Amino acid sequence: MMRFTRLVLLFLAFGLSACAETTLVVDQTKMITQQPTQTYGYKVGQPYQVDGVWYYPAVNYDYDETGIASWYGPGFVGQATASGEIYDQYAMTAAHKTLPLPTLVRVTNLENGRQIQLRINDRGPFVNNRIIDVSYRAAQLLGMDVNGTARVRVQVMADESRQLAAQLGGGEAGLGSAKVAAAPAPKVVTQPLAGGTQVASMAPAAPKSMVGQATGPLPQPSTKVVLEPVHPTNLFVQAGAFLQITNANNLRSKLAGIASARIIPVQLGAQRFYRVRLGPIATVADADRVLGQVIAMGNRDARLIVE
């Protein structure tokens with residue numbers, strides 16, 4: 001669960017069906033202290049490099065990806081995130097490598113069907129091709145705090161994210177720099193469910209005064225956990241994609257000793273690509289090992305795929 005180093009942060013400073021919702025906020029007597037109001041603005045950010053890999057932040061309201069999620073917690077409490085906010089492990093927030101800060105996303109754990117909403121306010125993760133790094137509280141609600149990782153689907157909440165950008169002065173282009181007062185950290189409340197399991201959710205406090213172009217309450221992640229139907233998924237390592245099948249065959253031959261490899265043709269517009277994939281792979285740990293071997297052989301664009 002690597003994060004940006006503080007030096008890097010300083011350098012950067014400038015498809016599932018719906019189902020019934022389950023609300024977990026009820027007991028107002030069990031509250032965890034909230035932190036002082038913070039301020040943050042809207043920014044997309046410039047391209048940046050971490051460990052030799054370039055990342056290109058961009059506005060993308062159509063973002064809908066599956067992959068592996070991780071979480072980060074106590075070791076980062078009190079440190080500044082890439083948005084300028086102070087990290088709160090009990091807030092409904094997450095880190096993403098390229099989405100604007102902030103962006104609202106819907107995250108679904110594909111292993112147990114739990115779905116929550118989070119606000120992107122940090123950059124990362126930068127290890128083992130993870131697609132999102134969620135807060136400790138989010139990991140609890142998603143049911144991934146013990147294992148540390150989970151197969152997830154991450155979807156941008158387009159309407160809410162556009163509203164958030166507009167209120168912060170970002171607009172469609174994402175070039176705004178207006179500052180507003182963030183809502184205080186939500187209160188965390190717990191409720192025992194069947195079987196004695198303790199779950200928690202966030203009860204947001206009302207936002208404080210706004211400045212700049214913000215004229216009303218900022219959109220915030222929902223307080224609800226939604227249960228989605230669980231469908232089987234497979235985990236692969238995609239080593240590369242080629243226009244020439246000869247190149248794909250050459251790579252498949254080189255990787256044959258690592259894991260079962262195959263070529264998958266796919267038509268994207270007028271172009272036909274040949275993807276070289278290894279798998280299916282049983283566990284995230286095995287996939288991390290295979291991915292490391294593939295990258296070590298010079299395939300730096302290799303990545304994990306969840307389907």
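If you read the sequence from its start, that first residue is 1, and numbering goes on from there. Worth saying up front: this structure is predicted, and the values here are computed from it rather than measured.
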If you compare all heavy atoms of [X] against all heavy atoms of [Y], which two are closest, and at what distance to 0.1 Å?
| X | Y | result |
| --- | --- | --- |
| Val50 | Tyr55 | CB-CE1, 4.0 Å |
| Leu255 | Ala239 | CD1-CB, 3.4 Å |
| Asn299 | Val294 | ND2-O, 3.1 Å |
| Met297 | Lys254 | CE-O, 3.6 Å |
| Asn109 | Asn112 | CB-OD1, 3.1 Å |
| Leu118 | Ala94 | CD1-CB, 3.9 Å |

Taking the side chain as C-beta and beyond, is there a heavy-atom pair between [X] and [Y] under 4.5 Å?
| X | Y | answer |
| --- | --- | --- |
| Leu235 | Pro280 | no |
| Tyr42 | Pro100 | yes |
| Thr66 | Leu110 | yes |
| Val105 | Leu99 | yes |
| Val276 | Ile264 | no |
| Pro57 | Gln46 | no |
| Asp288 | Val127 | no |
| Leu164 | Pro102 | yes |

Test item: side-chain donor near acceptor, [X] and [Y], under 3.5 Å:
| X | Y | answer |
| --- | --- | --- |
| Asn250 | Ser253 | no |
| Arg130 | Ser70 | no |
| Gln238 | Arg277 | yes |

Fill in: For Asn129, all residues meeting side-chain contact (heavy atoms from CB on, under 4.5 Å), sequence neighbours excluded
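side-chain contact (heavy atoms from CB on, under 4.5 Å) list for Asn129, sorted by chain: Leu291, Arg303, Leu304.
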
Determine whether [X] and [Y] fall in the same hydrophobic cluster, where Ile, Leu, Val, Met, Phe, Trp and Tyr are linked whenever their side-chain heavy atoms lie under 4.5 Å apart.
| X | Y | result |
| --- | --- | --- |
| Tyr136 | Ile116 | yes |
| Ile305 | Val154 | no |
| Val284 | Phe236 | no |
| Tyr90 | Val134 | yes |

Fill in: Salt bridge present between Glu160 and Arg119 (N-O < 4.0 angstrom)
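Looking at Arg119 together with Glu160, the answer is no, because their closest N to O distance does not fall below 4.0 Å.
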
Worksheet item: Between Asp51 and Arg300, is there a salt bridge with N-O shorter than 4.0 Å?
Response: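 The answer is no: the pair does not qualify as a salt bridge.
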
Could you grab the distance from atom [atom1] of [X] to atom [atom2] of [Y], nearest 0.5 Å is fine?
| X | Y | atom1 | atom2 | answer |
| --- | --- | --- | --- | --- |
| Gln115 | Lys224 | CD | NZ | 12.5 Å |
| Asn147 | Glu111 | CG | CD | 7.0 Å |
| Thr81 | Leu101 | OG1 | CG | 7.5 Å |
| Asn60 | His96 | CG | NE2 | 8.5 Å |
| Gln117 | Ser222 | CD | OG | 4.5 Å |
| Met157 | Arg106 | CE | CZ | 5.0 Å |

Discussion item. Walk me through whether Tyr61 and Ser161 qualify under side chain to side chain contact (heavy atoms under 4.5 Å, CB included).
Written reply: CA-CA 8 Å; Tyr61 293 121; Ser161 294; 3.7 Å; yes

Fill in: Geometric class of the Phe126/Tyr48 ring pair [parallel <30°, tilted 30-60°, perpendicular >60°]
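Judged by the thresholds at 30° and 60°, the geometry between Tyr48 and Phe126 is perpendicular.
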
Worksheet item: Does the pair Asp122 and Asp133 meet the rule for a side chain to side chain contact (heavy atoms under 4.5 Å, CB included), with working shown?
Response: CA-CA 9 Å; Asp122 205 359; Asp133 218 1; over 6 Å; no

Between side-chain atoms of residues 265-272 and protein atoms elsewhere (two or more places apart, or another chain), which donor-acceptor pairs fall under 3.5 Å?
unit_1: Gln267; atom_1: OE1; unit_2: Arg272; atom_2: NH1; d: 3.4
unit_1: Gln267; atom_1: NE2; unit_2: Gly269; atom_2: O; d: 3.4
unit_1: Gln267; atom_1: NE2; unit_2: Gln271; atom_2: O; d: 3.4

Worksheet item: Would Thr93 and Asp88 count as a side chain to side chain contact (heavy atoms under 4.5 Å, CB included) if you check the C-alpha gap in whole Å, the side-chain angles of each, and the deciding distance to 0.1 Å?
Response: CA-CA 8 Å; Thr93 59; Asp88 176 1; over 6 Å; no

Only distances under 3.5 Å count here; give the side-chain donor-acceptor pairs of residues 242-249 to other protein atoms, sequence neighbours excluded, each with its distance to 0.1 Å.
unit_1: Asn249; atom_1: OD1; unit_2: Arg252; atom_2: NH2; d: 2.8
unit_1: Asn249; atom_1: ND2; unit_2: Ile245; atom_2: O; d: 3.4

Practice prompt. Would you sort out whether Ile131 and Ile68 count as a side chain to side chain contact (heavy atoms under 4.5 Å, CB included), showing the intermediate values?
Written response: CA-CA 6 Å; Ile131 66 170; Ile68 305 299; over 6 Å; no

